[in-house]
Protein chains: 2
Amino acid sequence: MKIATYNVNSIRKRLPVVLDWLERHDPDVLCLQETKVQDSEFPLLELLATGRHVTFRGYKAYNGVATITRREPELVAHGLCEGPDNEDDRILLTVVDGIPIVNTYVPQGQRVGAEKYAFKLEWFRRVKRYFDERLDPNRPAVWLGDLNVAPEPIDVYHPERRVNEPDFHIDARNAYKDAVSWGFIDLFRARYPERVQYTYWDYFRNSYRDNRGWRIDHILATQPLAAKCIAVDVDTAPREAESASDHTVLWAEFEHPAKA
Amino acid sequence: MKIATYNVNSIRKRLPVVLDWLERHDPDVLCLQETKVQDSEFPLLELLATGRHVTFRGYKAYNGVATITRREPELVAHGLCEGPDNEDDRILLTVVDGIPIVNTYVPQGQRVGAEKYAFKLEWFRRVKRYFDERLDPNRPAVWLGDLNVAPEPIDVYHPERRVNEPDFHIDARNAYKDAVSWGFIDLFRARYPERVQYTYWDYFRNSYRDNRGWRIDHILATQPLAAKCIAVDVDTAPREAESASDHTVLWAEFEHPAKA
DNA sequence: GGCTCAATGG
DNA sequence: CCATTGAGCC
């Protein structure tokens with residue numbers, strides 16, 4: 001089973017890149033973030049034409065998530081389901097082949113100290129409660145997406161200069177790690193403890209050319225599923241495509257995951 | 001000698017169309033209107049790369065004219081040169097091979113009765129004085145561009161429904177004709193008295209597909225030059241191009257024009 | 001409908 | 001730098 005995540009920065013602008021990636025890699029699940037489109041404008045027909053199932057929720061301009069699956073999800077749940085502030089354009093649960101897959105776009109946080117930054121820190125607490133209420137760390141489950149945190153210095157270029165950035169500030173890193181500590185394993189870092197590999201590069205100042213990036217997109221799995229992980233990697237091709245997102249695709253492959 | 005006019009509706013968006021037209025038709029002069037770009041952002045290098053000369057003046061977002069010539073113009077003059085309101089983003093004179101070519105983008109006029117409409121009517125009076133001061137109706141000269149008037153009912157689809165449009169209202173038609181009466185001949189209509197042929201079609205409601213357009217782009221010449229005109233036509237290919245302007249190209253060819 | 005700009009977001 | 005919206009213009 002192959003699962004991937006990709007912050008598209010507008011699904012309408014990135015549709016060719018997504019269709020190409022689906023055709024070349026044929027994943028079982030592809031999770032998208034920042035679709036930036038309201039549901040009525042979502043390019044559903046073009047994606048259904050690939051023969052896959054598509055689950056999505058978004059609003060005008062901001063956020064938006066979509067999960068594209070080979071098989072029909074056995075269960076779908078939008079948002080945090082806590083109350084009025086449902087955040088259903090940032091979190092989407094699908095259960096595919098018995099495995100819960102939590103596709104999330106964590107708030108970026110604007111800048112350290114801002115109200116939006118406090119919202120980001122709180123968001124990690126909320127998502128941890130979300131895991132508590134519907135998942136079991138002893139059974140297969142996946143949390144993936146643009147989590148907007150570079151967990152360690154190795155995960156960002158010039159870390160010493162980034163300590164006040166909302167994706168590397170110590171409070172965000174700790175909030176992220178506390179959510180992870182619920183029972184998730186970072187598949188990329190588990191497999192490659194020393195590897196410098198980013199998933200996001202700024203559009204400006206030739207960041208990609210000079211490899212000045214961030215590893216802020218992640219695929220995490222509970223222990224029983226992580227044990228079945230046979231491959232995980234970043235595919236930089238989408239970042240080099242004609243009309244590229246500032247993020248690229250991260251993917252992971254599992255052996256007989258449902259039997260875990 | 002081949003001369004053409006094209007309202008590009010943004011030279012930056014239309015650069016591929018313009019380069020393609022230059023390569024295919026190799027005109028001596030191509031006059032552009034609505035370049036919609038300030039001079040510092042004008043795509044000069046890309047046009048110079050064709051081996052031609054480029055004269056232009058524009059501001060942010062609105063208006064802007066450019067004249068692309070095979071030979072270097074012997075003289076260039078920007079604007080009406082009357083006083084402070086110079087209108088140099090609407091009128092550009094170049095003298096090429098001894099022939100004055102007045103490239104103009106006449107104000108559209110917004111709607112009949114508006115202040116901008118009065119400005120349009122006045123503009124025709126001003127341009128007639130401009131001809132008086134610098135041209136001679138007995139010597140070759142060209143006035144061309146987006147003149148924003150369909151002179152006769154044949155020049156607009158459903159004319160009876162357009163009598164209150166600023167490009168077909170009787171006051172605009174009369175103001176235009178009064179300027180023309182200075183000493184110009186409409187080359188297209190002179191050659192094709194009965195032909196329905198538009199140069200502009202609205203972007204919306206499938207106007208081009210249904211040929212619901214306007215003949216508002218014109219090439220006019222003084223009598224001695226008009227006598228040398230051996231061909232004039234509208235090329236609809238640019239209107240059918242990938243990323244098309246709402247206008248298309250009108251061109252005219254002259255035999256030994258300088259000897260007139 | 002397609003261009004422009006100025007905000008806003010990242 | 002690359003997205004978005006919403007207004008102005010045509």
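Residue numbers begin at 1 in each chain, while the letters A, B, ... track the order of the sequences. Quick note: numbers below take in every heavy atom, side chains included, and nothing from hydrogens, waters or symmetry partners.
- Applying the 4.0 Å criterion to OP1 and OP2 of dG2(C), one finds that Lys36(B) has every side-chain N and O outside that range.
- Projected onto DNA chain D by closest heavy-atom contact, Phe204(A) and Lys13(A) fall at different nucleotides, the more 5' of which corresponds to Phe204(A).
- Residue contacts shown for Arg111(B) are absent, as no nucleic acid heavy atom lies under 4.0 Å away.
- Comparing atom distances between the Ser10(A) side chain and each of dG10(C), dG2(C), dT4(D) picks out dT4(D) as nearest.
- A salt bridge (charged side-chain N to carboxylate O under 4.0 Å, His left out) with Asp155(A) is found for exactly one of Arg195(A), Arg189(A), Arg173(A), Arg162(A), namely Arg189(A).
- For Tyr117(A), the ring pair (Phe, Tyr, Trp, His ring centres under 6.0 Å) partners at least two apart in sequence or on another chain are His169(A).
- Here dC3(C) is the nucleotide among dT5(D), dG10(C), dC3(C) with the atom lying nearest to any side-chain atom of Asn9(B).
- Among Trp201(A), Tyr200(A), Tyr157(A), the one residue that satisfies the ring-ring contact (aromatic ring centres under 6.0 Å, His included) test with Tyr208(A) is Trp201(A).
- When the nucleotides dG10(C), dC10(D), dT5(D) are ranked by their closest atom to the side chain of Gln108(A), dG10(C) comes out on top.
- The side chain of Arg12(A) sits closest to dT4(D) out of dC10(D), dC2(D), dT4(D).
- One finds no side-chain N or O of Ser245(B) lying less than 4.0 angstrom from the OP1 or OP2 phosphate oxygen of dC10(D).
- Ranking dA3(D), dC10(D), dT4(D) by closeness to the Gln110(B) side chain, first place goes to dC10(D).
- Considering only side-chain N and O atoms, Arg14(A) lies under 4.0 angstrom from the phosphate OP1 or OP2 of dA3(D).
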